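The next block holds one structure in the form of C-alpha cells; read it before the comments.
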Amino acid sequence: MPELAEVEYYRKEWDAGLRRTITRVAVHAEKRLFRGGDMTRLAAQMPGAKLLGSEARAKQMLFRFSRDLWLGVHLGMTGKLRAEPPDFAPGRHDHLVLFQKSCALVFTDPRMFGRVLFHEGRQPPAWWTALPPAVTAPEFTPELVRAFLQKRARLAVKAALLVQSAFPGVGNWMADEILWRAKIVPGALCGTLTKARAAALWREAREVCNGALATVAVDFSDPPDDWFYHERWSPDGHCPRDGSALRTATIGGRTTRWCPRCQR
DNA sequence: CGAGATGTTCGGCT
DNA sequence: AAGCCGAACATCTC
C-alpha cells in the first residue's frame with residue numbers, strides 16, 4: 001500500500017516500543033530486502049539498544065536507537081510495520097522482528113520489494129540526509145516544479161509525478177488524485193504544460209499530500225468523501241465532478257485512471 | 001488459471 | 001548521451 005501517508009501511519013506502529021530496549025532480533029538475513037547491509041552485524045549489535053525515536057520522509061522511515069544504531073525501512077509495495085505481544089512467533093513473511101520485554105516490533109513484506117538498511121554512526125546515514133525536501137515543505141516551490149517539468153519535457157506528466165526526486169512520497173493513487181484535481185490529462189507531456197497548469201500541479205500536489213497526512217496517516221481512515229480516490233478503485237468508477245465514466249490506461253508503466261471530460 | 005497489485009532498479013534503445 | 005520504456009523482482013488475491 002505504502003505511499004507518503006501510509007508510510008507515516010506504519011512508522012507510528014513501532015511507537016509501541018519507544019524508550020524500550022531490544023532483547024532479541026529475528027531476521028531472514030538472506031532475503032533481498034537486506035541487500036547491501038550487514039545483517040549479521042545488526043543481529044549482534046541490536047540487543048541491548050533502546051528505540052529512541054523515528055521519522056518518516058517521503059516513502060522512507062528512519063528509526064534511531066541508542067549506541068548510535070539506525071534502521072532505515074522502505075515498505076516497497078506490500079511492506080507493513082506492526083507491534084505484537086512479546087511471545088510473537090514470526091511467520092513466513094515476517095522478515096525482521098525486534099523483540100522487547102513487552103512487545104515485538106514486526107516488519108512484514110510478502111513481495112519483498114521493500115528494503116531495510118542498518119547504519120552505525122553518530123550521524124544519520126547519508127542517503128537519509130540527501131532526501132529531497134517534502135512536497136509539503138516551504139522549499140517545494142512552483143519554480144522547482146516548473147524547472148523539473150521543463151527538464152523532462154518528453155515525459156508524460158503522470159510518470160513525472162512518480163519521480164521520487166521531484167515529488168517525494170507521491171505514489172500511484174496520489175498521482176492520479178493530483179492530476180484529477182489539477183484537471184490535467186495524465187498522458188500530457190511535461191513540456192506542453194503552461195505555467196498556470198504547472199502551478200496547479202504544484203498546488204494540488206501539496207493539497208493531496210496534506211489531505212492524506214490528515215486522514216490516512218492519522219488512523220488509516222479514507223480520504224474525504226469528495227476525493228477521486230474512492231472512484232479510482234472501482235472498475236466502474238465515475239468522475240465525482242461530472243459523472244463521466246473514467247478511462248483506464250497504462251501510463252508511466254502504471255495503471256492510470258482519469259476523467260476524459262474534465263482532464264485535458 | 002491468468003492478470004494485476006499503493007515501488008524501485010536495471011538494461012537496452014533512441 | 002541523457003532520458004525514456006519495459007522487464008524484472010516475488011507473492012498473493014480476485
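On a predicted model such as this, the values are computed, not experimentally measured, just so you know. Each chain gets a letter, A, B and so on, in the order the sequences are listed, and its residues count up from 1.
For Y10(A) and F220(A), the distance between ring centers is under 6.0 angstrom.
Atom CD1 of I22(A) sits about 10.5 Å away from atom CZ of R67(A), to the nearest 0.5 Å. In this structure, Q164(A) CD and L131(A) CG are separated by 10.0 Å, a value rounded to the nearest 0.5 Å.
For the P atoms, the distance from dA3(B) to dA7(C) is 13 Å, rounded to whole Å.
Atom pair R154(A):CZ and dT14(B):C1' shows a separation of 11 Å (rounding to whole Å applied). When the P atom of dG7(B) is taken as reference, atom CE of M61(A) falls 13 Å away, rounded to whole Å. Distance, F34(A) CZ to dC9(C) C1': 16 Å, rounded to whole Å. For the pair F148(A) CZ and dC4(C) C1', the interatomic distance rounds to 12 Å; values are reported in whole Å. Taking atom NZ on K80(A) and atom P on dA5(B), their separation rounds to 16 Å, with Å as the unit.
Relative to the side chain of K151(A), the nucleotides dA10(C), dG3(C), dA5(B) differ in distance, and dG3(C) lies closest. Minimum atom distance to the side chain of P110(A) is reached by dC12(C), of the listed dT8(B), dC4(C), dC12(C). Nearest to the side chain of L155(A), among dC5(C), dA5(B), dC12(C), sits dC5(C). Of the candidates dT8(B), dA10(C), dG4(B), the closest approach to any side-chain atom of T255(A) belongs to dG4(B).
The aromatic rings of W173(A) and Y229(A) stand perpendicular to each other, their planes meeting at an angle above 60°, with 30° marking the opposite boundary.
The shortest distance between the side-chain N/O atoms of H74(A) and the OP1/OP2 oxygens of dG7(B) is not below 4.0 Å. OP1 or OP2 of dC12(C) sits under 4.0 Å from a side-chain N or O of H93(A). Residue R152(A) places at least one side-chain N or O closer than 4.0 Å to OP1 or OP2 of dC4(C). Within the structure, every side-chain polar atom (N or O) of R111(A) is placed at least 4.0 Å from both OP1 and OP2 of dG7(B). A sub-4.0 Å separation between OP1 or OP2 of dT8(B) and a side-chain N or O of K59(A) is present.
Among the atoms of the strands shown, only primed sugar atoms or phosphate atoms (P, OP1, OP2) are found under 4.0 Å from some heavy atom of G171(A). Backbone-only engagement by R92(A) is indicated by non-hydrogen atom pairs under 4.0 Å involving sugar-phosphate atoms exclusively.
If you run side-chain hydrogen bond (donor to acceptor under 3.5 Å, both in side chains) between D176(A) and each of R181(A), R232(A), R257(A), R254(A), only R232(A) comes through.
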